[in-house]
Amino acid sequence: MSDITQSNAPGQHYPPGEHPDLPPPPGTVGAIGWLRNNLFSSIPNTILTLLAIYFLVVSIPPVLDWVYFEADFEGASRTDCTSAGACWALIDVRLKQYLFGLYPSDELWRVYVAGLVLALAVLPVLFDKIPFRKILLVNTLLLPITGFYLLSGTGSGPDAWLTTVETPQWGGLLLTLVIGVTGIVASLPIGVALALGRRSNMPVVRAMCVTFIEFVRGVPLITILFMSSVMVPLFLPEGVNFDKLLRCLIGVSLFSAAYMAEVIRGGLQAIPKGQYEAASAMGLSFWKMMYLIILPQALRIVIPGIVNTFIGLFKDTSLVLIIGLFDLLGIAKTVITDANWIGLSHESYAFVAVIYWVFCFGMSRYSIWLEAKLHTGHKR
Amino acid sequence: MATQSIDGPKRGSLLSDQRTRAIVFQALAFFLVAVFFIYIGTNTARNLEALGISTGFGFLDSPAGYDVAMSLIPYTATDTHGRVFFVGLLNTLSVAVTGIIAATILGVILGVLRLSKNWLVSKLVYWYVEVVRNVPLLLQILFWYGVLLGLPRVRDAIPVFETMFLSNRGFYLPRPVPGDGIGLIIIAFFVAVIAIPIIARAARKRQEQTGQIFPVFWTSAALIIGLPALAAIVTGFPLTFDYPEKGGFNFKGGMVLRPEFVALWFSLSIYTAGFIAEIVRAGIQAVSHGQTEAAFSLGLKPNWTMRMIVLPQALRVIVPPLTSQYLNLTKNSSLAIAIGYPDLVSTFGGTSLNQTGQAIEIIMMTMLVYLTISLLISMLMNYYNKRIALVER
Amino acid sequence: MSDAVQRVSTPGVSDEVAIQIIGMHKWYGQFHVLKDINLTVRRGERIVVCGPSGSGKSTMIRCINRLEEHQQGQIIVDDIELTGNLKNIDAIRREVGMCFQHFNLFPHLTVLENCTLAPIWVRKVPKAQAEEIAMEFLNKVRIPEQAAKYPGQLSGGQQQRVAIARSLCMSPRIMLFDEPTSALDPEMIAEVLEVMVNLAETGMTMICVTHEMGFARKVADRVIFMDGGEIIEQNEPEEFFNNPQSERTQQFLSQILAH
C-alpha cells in the first residue's frame with residue numbers, strides 16, 4: 001500500500017487495485033459538510049433553516065424565562081410570587097395532592113409500597129433479561145390482589161390490619177395510574193377474546209363481537225363514561241350500587257378493549273394460513289393452537305399497535321374528571337380554583353402535562369426499542 | 001379400558017362433534033346475552049317507575065328553558081329539547097369540520113417538513129409531534145382555554161391591525177357585510193368552479209391529440225381568484241366590513257369567536273395535526289425509493305414524479321388512517337363539555353339530561369349520532385379501499 | 001498491463017464517444033466507494049461490468065444518470081457534462097434509459113400506462129402515438145397481450161421485460177442495466193437475457209452490470225472487472241475470460257464459473 005500521507009490531489013494515479021482510501025474532499029463531510037448538506041444545501045433549504053432559527057430565537061428565551069429564570073419557587077400563596085415568570089410555589093405546596101389526591105397522610109406509606117410493587121411487577125414484563133424474573137413474574141400475577149388490598153385496605157375499625165380508604169379519597173397521579181394500569185391489564189385479554197370472536201366461524205359469536213367492537217369504536221369515550229355514571233345505576237336492582245371508580249374502570253377497560261381487539265385482529269390476519277394448517281396437522285386443539293402458535297406470533301407483530309393503544313388509554317384516563325373523579329388532571333383543574341392560587345392555570349397544567357408526557361413518551365420509546373430488538377432477532 | 005365399540009369407526013360423543021359443539025356454544029352465548037339484557041331491562045323499568053320518570057321521546061317537544069351560548073340556527077330558551085339537539089349537533093359539526101380542515105392543512109405541511117432534508121426543520125417537527133401526541137387532548141384544551149381566559153378584559157382588549165381585538169371574552173373580528181352586486185362575485189366564483197373541469201377536460205383532449213401540455217393547475221388558480229376579483233372591480237367592491245368598536249363594557253358590531261370555540265378548535269386542530277403529520281410522513285415513505293428512481297431515470301421531473309408516481313401510491317396508504325383521524329377528531333370534539341362549548345354532548349347530553357332525567361333516551365340518541373357518522377364514513381372508506389386496491393396476482 | 005485497453009472495433013461500434021468518465025471519485029460519508037474511475041464508452045458499444053458485491057459497480061452506473069452524485073472528476077454523456085445543473089440532468093436522463101434489479105414498475109398504472117407515461121409527459125407525444133410506440137416495444141419484448149394488466153399480475157420475468165420496454169419507449173441512446181436478472185428465478189432469466197441480446201443486435205449502447213457470463217461472451221464488446229471501488233481490469237470477452245491479468249480477476253472468475 002502506498003503512503004496515505006501522500007498527496008491526495010485529483011489526478012494522482014495508482015496501479016489498478018492499489019488505490020488507497022482517501023479522505024473525502026474538504027467541505028463535504030465533517031462539521032462544515034454536515035451544515036452544508038443538512039441546513040444550507042439549496043436556497044429554499046437555507047430559507048427554511050433561517051426561519052426555523054428565527055422561530056427558536058423568538059420562542060425559546062421567553063419560555064425559559066417563564067419556566068426558570070424569572071420564576072418563583074417558594075411561597076404560601078400566589079401573592080408571594082412577585083416575579084414575572086411562573087409561580088411554582090403552587091406545585092411545591094400542593095405536590096401531595098397532585099400525586100395522591102386526598103389519600104390520608106398517615107396511610108401514604110401504603111401507596112409507596114404499592115408503587116414499589118407496581119414497579120417490580122412491570123420490570124419483568126418489559127425486559128426479559130433481568131435477574132429473578134420468575135419470582136418477579138409471580139409478583140406481577142398477584143398485582144391486582146396486592147394492589148387492591150394495599151390501596152383500599154382490609155377493613156375499618158381500630159383492629160383492622162389496613163384501614164379502609166374509600167375510593168373518593170384516591171386522586172392525582174395515583175388515581176391516573178390505577179385507572180391506566182387496570183385498563184391496560186384488563187383490555188388485553190378482553191381484546192384478544194373479542195378479536196378471536198370476530199374471526200370465529202360461529203356466526204352468532206361473530207355478530208356479537210362485531211356489534212360490540214363497532215359500537216364502542218363509533219362513540220366518544222365520554223358518552224361511555226356518562227353511560228357508566230348515569231345509566232348503570234338504573235340497570236341495577238334497587239339498593240345495589242357499586243363504586244363509581246369501579247364503574248368507570250369497567251367503562252374504560254371495555255372501551256380500550258374494543259380498540260385493542262382491532263389491533264390484535266390485524267395481527268391475526270397477518271399470520272399466514274400455513275401456520276394454522278401446520279398447527280392443526282400437528283393435532284393441536286383450537287385453544288392450544290392459539291396459545292402456542294398463533295397468538296405469540298400475532299401479538300408480536302402488533303406490539304407497536306398495542307403500545308399505541310396503551311398510550312391512548314393512558315391519555316384517555318384524563319376524561320374521568322368530567323364525571324367527577326379527581327385524577328391527575330382533575331386535581332390540576334381543582335387546585336387552581338383555590339382562592340390562594342386562582343389564575344395559575346398555566347403552571348398547574350404545564351406541570352401535569354410534563355408528567356403525562358414522560359409516561360407516554362416513555363411508552364412510545366419502549367415500543368420502538370422493542371420493535372428494533374424483535375426485528376433484529378428475526379433477521380438473526 | 002379397551003372396550004371401544006367394535007362395530008364401525010369411532011364416532012365420539014355428541015359433545016365432541018365439532019358442529020354440535022359450535023351450535024351449543026353459540027346458543028349458550030346468545031342465551032347469556034339475552035338474559036343479561038332482560039335482567040337490566042326489568043331493573044331499569046322498575047327503577048324508572050320508582051323515580052317517576054316516564055320513558056319515551058315526549059320530552060323532545062317540551063321547552064328546554066335554558067340558553068345556549070352559541071347557535072347557528074335561531075334559538076331561545078323557550079324552544080324545545082328537540083331544537084337543542086339540532087343546535088348542539090350543528091355546533092359539533094361546525095367545530096369538527098373547521099377542525100378537520102385546519103388539522104389537514106397543518107398536518108400535511110408538517111408531514112412534508114418532517115421529511116425535509118433540512119435537519120433543523122425535521123427535528124423541530126419531530127418534537128412538535130412528540131409533544132402534542134403524548135399529552136392528553138383534554139389537558140391541551142384546558143390549557144389553551146386557560147391561556148385565552150388569561151387575555152385582558154374587554155376594556156383592555158389587545159388590538160390587532162386596529163380592526164381585530166383579542167380579549168378574555170373572545171376574538172372580535174370584522175364581520176363581512178355584503179352590498180349590492182355581491183351576487184355577481186358569487187356568480188363569478190361559481191363560473192370559475194364550473195369552468196375548471198371543462199378546461200381540464202379540453203386540456204386533456206388536446207394533450208392526447210397534440211401532446212401539448214396545458215398548465216391546468218395555474219389556469220385554475222388564476223380563474224378561481226381572478227374571476228371573482230374582476231367581478232369585484234366591475235361592481236366596485238360591494239363587500240364592506242362591519243368593524244367591532246369598543247363601547248363601554250362590550251364591543252359593538254363585528255363578530256365574535258368565543259374563547260370556548262377557539263380553544264376547542266385550536267386544540268383539536270394542533271393535536272390531530274400531530275397524528276396526521278405522522279400518517280403523511282409514513283405514507284410518503286411507504287412509496288419505495290425505487291419508484292422515484294425509476295421515474296427520474298425516465299426523465300420525469302421531481303414535481304411530476306411527486307404528482308404522478310409518489311402521491312397516487314402514498315394516498316392509498318394515507319387515506320384510511322386519515323379518515324379514522326377525522327372520526328377521532330369528531331368524537332374528541334365531545335370534550336367540549338369540559339370548557340362549556342355548547343356541542344351536542346354538553347347541551348343535549350348534559351344540560352337537557354340533567355333537566356329531564358331521560359338518561360337512557362338522551363345518551364342513546366347522542367351515541368346514535370356519533371355511530372351514524374362513524375358508520376357512514378367507514379362505509380365510504382370500504383368503498384374507497386375496494387376501488388383503489390392494487391391488482392395483484 | 002491491464003491499463004493497455006485493446007480496442008477492437010467490432011461492427012456497429014463507431015468512434016463517436018457516448019460516455020466519458022474522467023478521474024471520478026465518490027464517497028459515502030467517509031467511505032471512499034469509487035476511486036479514480038476512467039472509462040470511455042463509444043456509441044454502439046456493449047459493456048458488461050462485473051465484480052464482487054460491494055465493489056461499486058452499481059454505484060458507478062447510477063452516477064451516469066445522476067441517481068448518485070459524484071464528488072470529484074467528470075462524467076460527460078453525449079457531450080453534456082453532469083453537474084448540479086438541473087437542465088443538464090434532465091437532458092441526460094431523457095437520453096439514458098435504465099433497468100433496475102427490482103424492475104420498479106409503477107404498480108398503480110397498467111403495463112401500457114407504464115410505457116406511455118414518460119413519452120406523454122416528458123417527450124409530449126400525443127397519446128395515440130405513444131400507445132402505438134408502446135405496443136411496438138411490448139411486441140418486441142413479446143408481451144403485447146399483457147398491456148392492459150397491472151404489474152402485480154405479471155411474473156418477475158414479464159415485469160422486467162415491461163421495464164425494458166418502458167425505457168425503450170423514450171427512445172434512449174444509451175441503456176443502463178443494473179443487475180437486471182439477479183432478482184429472477186432461473187427459468188425467467190433466459191427470457192430477459194434474450195430480450196437484451198435482441199436489443200444489443202440493434203446497435204444500442206449498453207452498460208450492463210451482471211454476473212451472466214454467457215451473456216457477456218455473447219454480446220459484450222468489453223468486460224470490465226471492478227473491485228474495491230476501482231476498475232481492476234477491462235478487456236475483450238475472449239481475452240478477459242481466457243487470460244485474466246490480475247489475481248483478483250482470476251479469483252473472481254473461478255468463483256463465479258465454479259457453479
Side-chain angles (χ1 to χ4, degrees), chain A residues 34 37-39 41-42 45 48-49 51-53 55-56 201-205 208 214-215 217-224 226-227 230-231 233-238 311 314-319 321-322 329 332-333 336 343 345-346 348-350 352-354 356-361 363-364, chain B residues 22-23 25-27 29-30 33 39-41 43-44 46-48 50-51 113 116-122 124 130-131 133-140 142-143 145-147 149-150 327 330-335 337-338 345 349-350 353 359-360 363 366-368 370-375 378:
Chain A
W34 184 89
N37 289 333
N38 293 296
L39 296 179
S41 61
S42 62
N45 209 348
L48 270 182
T49 306
L51 280 177
I53 291 174
F55 168 77
L56 289 176
N201 298 325
M202 297 182 256
V204 176
V205 173
M208 288 192 301
E214 293 305 325
F215 172 78
R217 279 161 36 94
V219 299
L221 174 57
I222 192 68
T223 57
I224 293 192
F226 271 174
M227 206 166 134
V230 188
M231 276 166 76
L234 292 176
F235 293 158
L236 298 170
E238 227 174 325
I311 295 174
F314 191 77
K315 287 187 293 177
D316 280 345
T317 57
S318 59
L319 266 63
L321 83 87
I322 295 174
L329 185 55
K333 195 174 177 239
I336 49 174
S345 74
H346 299 9
S348 189
Y349 292 139
V352 298
V354 170
Y356 280 111
W357 187 83
V358 167
F359 276 96
C360 296
F361 188 70
M363 280 194 267
S364 82
Chain B
I23 290 171
F25 184 71
Q26 293 186 76
F30 185 78
V33 171
Y39 175 71
I40 64 170
N43 280 339
T44 309
R46 202 174 301 140
N47 286 332
L48 288 178
L51 290 169
L113 285 181
S116 151
K117 283 190 196 123
N118 189 312
W119 179 86
L120 189 59
V121 169
S122 170
L124 272 179
E130 290 298 343
V131 168
R133 290 205 315 175
N134 287 318
V135 172
L137 173 60
L138 183 57
L139 171 49
Q140 298 188 34
L142 290 173
F143 177 81
Y145 188 54
V147 169
L149 292 187
L327 275 180
T330 310
K331 286 184 281 176
N332 284 337
S333 70
S334 60
L335 296 181
I337 194 170
V345 172
L353 190 153
I360 295 175
I363 290 181
T366 311
M367 284 180 157
L368 206 63
Y370 288 101
L371 267 184
T372 315
I373 298 174
S374 298
L375 289 181
S378 49

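First the proteins, then the strands, lettered A, B, ... as listed; each starts at 1. Side chains are part of it too, since the values below use all heavy atoms of this structure and drop only hydrogens, waters and symmetry mates.
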Under 4.5 Å to a heavy atom of chain A? For F25(B) that would be side chain
When the 4.5 angstrom heavy-atom criterion is applied to L48(A) and chain B, the contacting part is both
Applying a strict 4.5 Å limit to non-hydrogen atoms, the region of L113(B) in contact with chain A is side chain
(Q) Parallel, tilted or perpendicular: which one describes the rings of F143(B) and H346(A), with boundaries at 30° and 60°? (A) tilted
Honestly, the part of V352(A) sitting under 4.5 Å from a heavy atom of chain B is both
Bottom line for L319(A): the part with an atom under 4.5 Å from chain B's heavy atoms is both
The interface call for L56(A) against chain B, heavy-atom contacts under 4.5 Å, is side chain
Applying a strict 4.5 Å limit to non-hydrogen atoms, the region of L321(A) in contact with chain B is side chain
Turns out that what part of F215(A) lies under 4.5 Å from chain B's heavy atoms comes down to both
Whatever's closer than 4.5 Å to a heavy atom in chain A on T44(B) counts as both
If you tally heavy-atom pairs under 4.5 Å between each of I360(B), V345(B), L375(B) and chain A, the highest tally belongs to I360(B)
With D316(A) as partner, the option from L221(A), I222(A), I311(A) fulfilling side chain to side chain contact (heavy atoms under 4.5 Å, CB included) is L221(A)
Chain A shares the most heavy-atom pairs under 4.5 Å, among I363(B), L327(B), T330(B), L149(B), with I363(B)
Assert top hit (heavy-atom pairs under 4.5 Å, partner chain A, pool P136(B), S374(B), G146(B)) equals P136(B)
Bottom line for S348(A): the part with an atom under 4.5 Å from chain B's heavy atoms is neither
In terms of heavy-atom pairs under 4.5 Å with chain A, the winner among I337(B), V131(B), L120(B), L142(B) is L142(B)
Whatever's closer than 4.5 Å to a heavy atom in chain A on V33(B) counts as side chain
